[in-house]
Amino acid sequence: MTRLLDIQNLEAWYGPAQALFGVDLDVAAGEVVALMGRNGMGKTTTIRALCGLMRPCRGTVLLEEQDVLGAQPHHIARSGIGLVPEGRRCFANLTVHENLVVAARRGAWDMPRILELFPALEPHLSRDASTLSGGEQQMLAIGRALMTNPKLLVMDEATEGLAPTVRRDIWRAIAILKGTGQSILLVDKVVGDLLANATRCVILEKGRTAWRGSPAELDDATLHRYLGV
């Protein structure tokens, strides 16, 4: 499989405090890679570094063999990274429709296809995003990222804080995206759903890559050691 993303020896700092000490991970075209680890192990920091939201950083971040480490976030987005950030962060004072089209780019994902994936959004297109429920805002955040027609969709805490029925809707959408061949880097705390949807897993421990392999290779001892499961 063609390697879409290749991160090698990624290091990052918050001021004088080093947060990443050598993260290695890759995502092939069409893969869903689960980025796993306990809280505070570096998952969100890795995503921030990948998306140009972290300074300073050192290492290599190749997107289709182009080094994007240290590039401005808008440049990285235009290169093909679509981010669904932790906490959703929809544009509260824009309507649902405006959120979806604000960064849209030509491609397979357009408004009708987003509304087919998330039909719950259609009745609210003219409403401000701030009036939506948490689950609807998460759907909107995913739809907004997909409207950029990304090569790689990055989802940080995809179902955190959502009601069980909404979580099922989000995992259903992720399964559909996987079926379309969308490449995804996925962070979530629900291990069972992660393993059911991932093609490969990467576990971080104290800012380093501690384990890589397929869900089938992730045994109970490894889960307990790195995730406390």
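Quick note: residue numbers are just sequence positions, from 1.
- Interatomic distance, E205 CD to F21 CZ, rounded to the nearest 0.5 Å: 12.0 Å.
- E31 contributes no side-chain N or O that, together with a main-chain N or O of R200, makes up a donor-acceptor pair within less than 3.5 Å.
- Residues L4 and I174 do not share a hydrophobic cluster, clusters being chains of Ile/Leu/Val/Met/Phe/Trp/Tyr side chains in contact below 4.5 Å.
- Side-chain contact between L25 and T46: present, with at least one pair of heavy atoms (C-beta onward) separated by less than 4.5 Å.
- A side-chain N or O of T44 and one of D156 form a donor-acceptor pair less than 3.5 Å apart.
- Side-chain contact of T131 with D128: a donor-acceptor pair under 3.5 Å is absent, judged by distance alone.
- Contact between G30 and S183 at its shortest, heavy atoms only, is N-OG, 2.8 Å.
- Checking side-chain atoms of T199 against main-chain N and O of V32 turns up a donor-acceptor pair under 3.5 Å.
- Classification of R212 and D26 as a salt-bridged pair holds, one side-chain N sitting under 4.0 Å from a carboxylate O.
- The backbone N or O of S214 lies less than 3.5 Å from a partner atom in the side chain of E217, making a donor-acceptor pair.
- At distances below 3.5 Å, not a single donor-acceptor pair connects side-chain atoms of R144 with backbone N or O atoms of N99.
- Residues L194 and L152 fall into different hydrophobic clusters, defined by Ile, Leu, Val, Met, Phe, Trp and Tyr side chains chained together at heavy-atom separations under 4.5 Å.
- Within the 4.5 Å cutoff, side-chain heavy atoms of L53 are placed close to those of L83.
- Using a 4.5 Å cut-off between side-chain heavy atoms of Ile, Leu, Val, Met, Phe, Trp and Tyr, with links allowed through other members, V27 and L218 fall into different hydrophobic clusters.
- L20 has its side chain out of reach of W13: every pair of non-hydrogen atoms, C-beta onward, lies at least 4.5 Å apart.
- The structure places NE2 of H75 at 11.0 Å from CD1 of I81, a figure rounded to the nearest 0.5 Å.
- With contacts defined as side-chain heavy-atom distances shorter than 4.5 Å, the pair L35/I203 does not qualify.
- A search for side-chain contact (heavy atoms from CB on, under 4.5 Å) contacts involving A120 returns M139, not counting sequence neighbours.
- Following chains of ILVMFWY side-chain contacts shorter than 4.5 Å, one cannot reach V33 starting from M155, and the two form parts of different hydrophobic clusters.
- Taking R168 as the reference, nothing meets the salt bridge (charged side-chain N to carboxylate O under 4.0 Å, His left out) condition, with sequence neighbours excluded.
- At a threshold of 4.5 Å between non-hydrogen side-chain atoms, the residues L204 and M36 do not count as touching.
- Without hydrogens or angle criteria, T148 side chain to G82 main chain gives no donor-acceptor distance under 3.5 Å.
- Q138 and E157 make their closest contact through NE2-O, 3.9 Å (heavy atoms, listed as atom of the first residue, atom of the second, distance).
- The environment of H124 atom NE2 is dense: over 12 non-hydrogen atoms of other residues, nucleotides or ligands sit within 6.0 angstrom.
- Counted by atom type alone, W171 and D193 present one or more donor-acceptor pairs between their side chains at under 3.5 Å.
- Across V202, V23, D188, V187, a single residue satisfies side chain to side chain contact (heavy atoms under 4.5 Å, CB included) together with K43, and that is V187.
- Nearest heavy atom pair, residue K206 against residue M41, reads N-SD, 3.0 Å.
- Between I142 atom CD1 and I114 atom CD1 the span is 9.5 Å, to the nearest 0.5 Å.
- Within the 3.5 Å criterion, the main-chain N or O of R127 finds no donor-acceptor partner in the side chain of T95.
- R55 forms no cation-pi arrangement with Y14, by the criterion of a distance under 6.0 Å to the ring centre and an angle within 45° of the ring axis.
- With hydrogens and angles disregarded, a donor-acceptor distance shorter than 3.5 Å links the side chain of R167 to the backbone of L162.
- By the 6.0 Å contact criterion, CD on E122 is open, its count of non-hydrogen atoms from other residues, nucleotides or ligands being 12 or less.
- Residues V154 and V84 form no side-chain contact, since every pair of their non-hydrogen atoms from C-beta on lies 4.5 Å or further apart.
- Cluster membership for L146 and F91, using ILVMFWY side-chain heavy atoms within less than 4.5 angstrom, is not shared.
- Counting heavy atoms from C-beta outward, T60 and L62 have side chains that approach closer than 4.5 Å.
- Residues P73 and G52 share a closest heavy-atom pair of CG-O, 3.3 Å.
- The line from CZ of R58 to CD of E11 is 4.5 Å long, rounded to the nearest 0.5 Å.
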Intermediate values then yes/no, salt bridge (Lys or Arg N to Asp or Glu O under 4.0 Å), D110 and R113
CA-CA 5 Å; D110 56 14; R113 196 171 177 197; over 6 Å; no

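- At a threshold of 4.5 Å between non-hydrogen side-chain atoms, the residues L117 and W109 count as touching.
- Using a distance-only test at 3.5 Å, with no hydrogens or angles considered, a donor-acceptor pair links the side chain of E136 to the main chain of S133.
- Applying the salt bridge (charged side-chain N to carboxylate O under 4.0 Å, His left out) test to K151 and every residue at least two apart in sequence or in another chain returns E64.
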